[in-house]
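All figures in this text were calculated on a predicted structure; none of them were measured in a lab. First the proteins, then the strands, lettered A, B, ... as listed; each starts at 1.
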2 protein chains.
Amino acid sequence: MNITEFAKSLNLSKGTVSRALNDRPEVSAETRRLVLEKAESLGFLRNPNARRLATGRTHIIQLECPYNTNILSDQYLVELARGIENTASSQGYDLMLHLGSRSRRAAEVQAVDGLMIVAGQETSLDDIKALTAFGHTPAVVISDTYPAELPPLTSYVQIDTLSGVRATLAKIAALGHKRIGYIRSDQSTDKMEALFQQAGLEWRRELVIQAGVTQQEGYDATLRLLERPSCERPTVLLTRTDILAAGAVQAAQSLGLNVPYEISVVGHDDIDLAALVNPPLTTVAINIPMVAKAAMDMLTRIIEDKYEPTVRVLETQLIFRESLGPAPL
Amino acid sequence: MNITEFAKSLNLSKGTVSRALNDRPEVSAETRRLVLEKAESLGFLRNPNARRLATGRTHIIQLECPYNTNILSDQYLVELARGIENTASSQGYDLMLHLGSRSRRAAEVQAVDGLMIVAGQETSLDDIKALTAFGHTPAVVISDTYPAELPPLTSYVQIDTLSGVRATLAKIAALGHKRIGYIRSDQSTDKMEALFQQAGLEWRRELVIQAGVTQQEGYDATLRLLERPSCERPTVLLTRTDILAAGAVQAAQSLGLNVPYEISVVGHDDIDLAALVNPPLTTVAINIPMVAKAAMDMLTRIIEDKYEPTVRVLETQLIFRESLGPAPL
DNA sequence: CTGTTAGCGCTTTCAC
DNA sequence: GTGAAAGCGCTAACAG
């Protein structure tokens, strides 16, 4: 059933029915009541695609994530999506996780009101431009690295991971740790070295190791690191993600090391898992509800034609749990 | 830019352009090349909503899950979504996880080609009817309980969890276990008792406990069970989900019990986590790629007007890992 | 092979 | 306050 038939069944014009359904002020209370009632009883629903074509609005925002990352394969992204969905729906928007190939997603850009782009190290400005149809689609970029430039109609939420890491390093120093291992997930030259120095800690190249993203990769990398004959064992392991940290804990335990009495482990992101592994992970938390709120607020402003380039920096926070203890004697 | 302007810039009619873009046979090779080339260089993309309105097809399928369950909060559903997305995209469909309230999702039903409905214990036939607009939308129901009846245009994939559980119980019996605890996640009267008897195992009410769905709830329930003064400790704990199993393992360990030497734990679903906890979980695996393939095949048949009510039963399988060992002496 | 035209189902002026 | 009619951007049937 379409609106024309439905209107006919009410002896009204489809214009009036449309106005009633859209809660416009021009319809009489009586007519409105009638329309709503009948729509309910007949189960009449308007065709969303026709509405979207006519209005140019979809009330959908789409979540995009970095290349080579499936949002459903990354627990942090899943939790972020959950947070964004919460605030989005309270503001009358639906969140759509449009999976599928990137080229197909590009074609969808005109079918959403706005884009939430989670950028990674490897996401370039060109990627963002392409995703936003060169700035024609309202977008908010969520990232931890400050972008050189923003396309038009794009605002920016920067997650300041450094603040949380700085707090972590201070804590680590205070606990007397001297030899600190670092399990990174990619080749990116991050600012760890500088942060170590600021915290009065020594950055040792030989204690840095490259892992991938999975727990298994964290496990393997940790074993390799701890079994390196060339160096004294680190007393604490910093990791890029909680998943890697979980792998690191397992690796240490499989070597018979007690966490945290013989070796400490620190994660990053504070995903649900962090509190649930044994021992619970000390980690750096991203305040997802806050990120989601900030990002959605920015996005709705752009969608409502109140664009002004905005950057908000949100700090991260050290969550202290049992996996971090004092340096062994 | 819309197709009319774009066609004008090529000195062609929009009809021809549309045919070229849709890869119709009637256009000359030369014209097609020209159109494709220019579309690429100008970055022209057709408006998806207009296309959907004109064709009545969206190439989108939507995943629905049981009441009170957010798909992003349940690791099994996330992994299932991943599997469905894989086969869907290989068949030219996009998977849309349309979150938001159920009423809002219902309004979207006309905007998708078909529905994949994951039903739980509490999902009724009426729910399914409502979701499918009383059988007007092609749908496949994925569930582990056989439904009394199917609405029109609906096929069914039954996940036969019993087969895997039967294998598990046989294994447990063979390992000499006699006292078996069971951590369920809801009140549903399942067929465990009968299965126990078939396996020659004794079903003890006092070793059954109700947990929720989270790892914490599994942990708490397990502690309560193991600390019940009234009964001898079970030698193996069966759980409804891997998440609960992970909580159970932690609870046992926190009481100083070695898993599996002093107590065994068995999960269900074989989510990624199952292989990663310590010790890795014995569990019952649902073959997600197979489920996804079967469900998508059924759904595309319905969408393509080749509907015939179909039911496929897919077995589950015991995955034997370290968390299950012989009964302690 | 290409151009013209009539919808798809809705919203939104513009009259009345 | 309501009806009539003109689009929204596309596809597909119909001519030529």
Minimum-distance nucleotide to Arg51(A) side chain [options: dG3(C), dT11(C), dC8(D)]: dT11(C)

For a side-chain contact (heavy atoms from CB on, under 4.5 Å) with Ile117(B), tell me which candidate from Thr132(B), Asp127(B), Leu63(B), Ile142(B) qualifies. Thr132(B)

Expressed in angstrom and rounded to an integer, what is the separation of Arg57(B) atom CZ from dC10(D) atom C1'? 16 Å

Among the nucleotides dT12(C), dT5(C), dC1(C), which one has an atom lying closest to any side-chain atom of Arg24(A)? dT12(C)

Nucleic acid contacts - residues 15-22 of chain A versus DNA chain C, non-hydrogen atoms under 4.0 Å: Gly15(A), Ser18(A), Arg19(A), Asn22(A)

First encountered from the 5' end of DNA chain C, between Ala50(B) and Asn11(B): Asn11(B)

Side-chain N or O of Thr31(B) versus OP1/OP2 of dC1(C): is the shortest distance under 4.0 Å? no

What is the distance, rounded to the nearest whole Å, between atom NZ of Lys8(A) and atom P of dG3(D)? 13 Å

Between Asp23(B) and Arg32(B), is there a side-chain N and carboxylate O pair less than 4.0 Å apart? yes

Go through the side-chain N and O atoms of Arg46(A) and Asn22(A) and say whether any donor and acceptor fall under 3.5 Å apart. yes

Side-chain contact check for Arg46(B): nearest option of dT2(D), dG3(C), dT11(D) is dT11(D)

In whole angstroms, how far is the P atom of dC10(C) from the CG atom of Leu53(A)? 12 Å

Check every atom of dT12(C), dG9(C), dC10(D) against the side chain of Thr55(A) and return the nucleotide holding the closest atom. dT12(C)

Do Lys306(B) and Glu304(B) sit within salt-bridge range, that is, some charged N less than 4.0 Å from a carboxylate O? yes

Starting at CG of Asn2(A) and ending at P of dT11(C), how long is that distance when rounded to a whole Å? 12 Å

Kindly compute the distance separating CG (Leu299(A)) from CG (Asp113(A)), expressed to the nearest 0.5 Å. 8.5 Å

From dT11(D), dT2(D), dG9(C), nucleotide with atom closest to Glu26(A) side chain: dT2(D)

Taking dG9(D), dC10(D), dC10(C) as options, the one with an atom nearest any side-chain atom of Phe44(B) is dC10(D)

Interatomic distance where CZ belongs to Arg52(A) and P belongs to dG9(C) [whole Å]: 15 Å

Angle separating the five-pair end axes of the helix from dC1(C)-dG16(D) to dC16(C)-dG1(D), nearest 10°, is 40°

How long is the line joining CD1 of Ile3(A) and C1' of dG3(D), in whole Å? 13 Å

Check each of Arg301(A), Met298(A), Met296(A), Arg312(A) against Val140(A) using the side-chain contact (heavy atoms from CB on, under 4.5 Å) test, and report the only one that passes. Met298(A)

Which of parallel (below 30°), tilted (30 to 60°) and perpendicular (above 60°) describes Phe44(B) and Phe6(B)? parallel

What residues form a side-chain hydrogen bond (donor to acceptor under 3.5 Å, both in side chains) with Ser143(A), not counting sequence neighbours? Thr145(A)

Between Ser13(B) and Thr16(B), does any side-chain donor sit less than 3.5 Å from a side-chain acceptor? yes

Rounded interatomic separation in angstrom, taking NZ from Lys14(B) and C1' from dT5(C): 9 Å

Ranking Ser28(A) and Thr4(B) by the position along DNA chain D of their nearest nucleotide, the one closer to 5' is Ser28(A)

Given atom CG of Asn49(A) and atom P of dT11(C), what is their separation to the nearest angstrom? 13 Å

Under 4.0 Å between a Lys/Arg side-chain N and an Asp/Glu carboxylate O for Arg33(A) and Glu40(A)? no

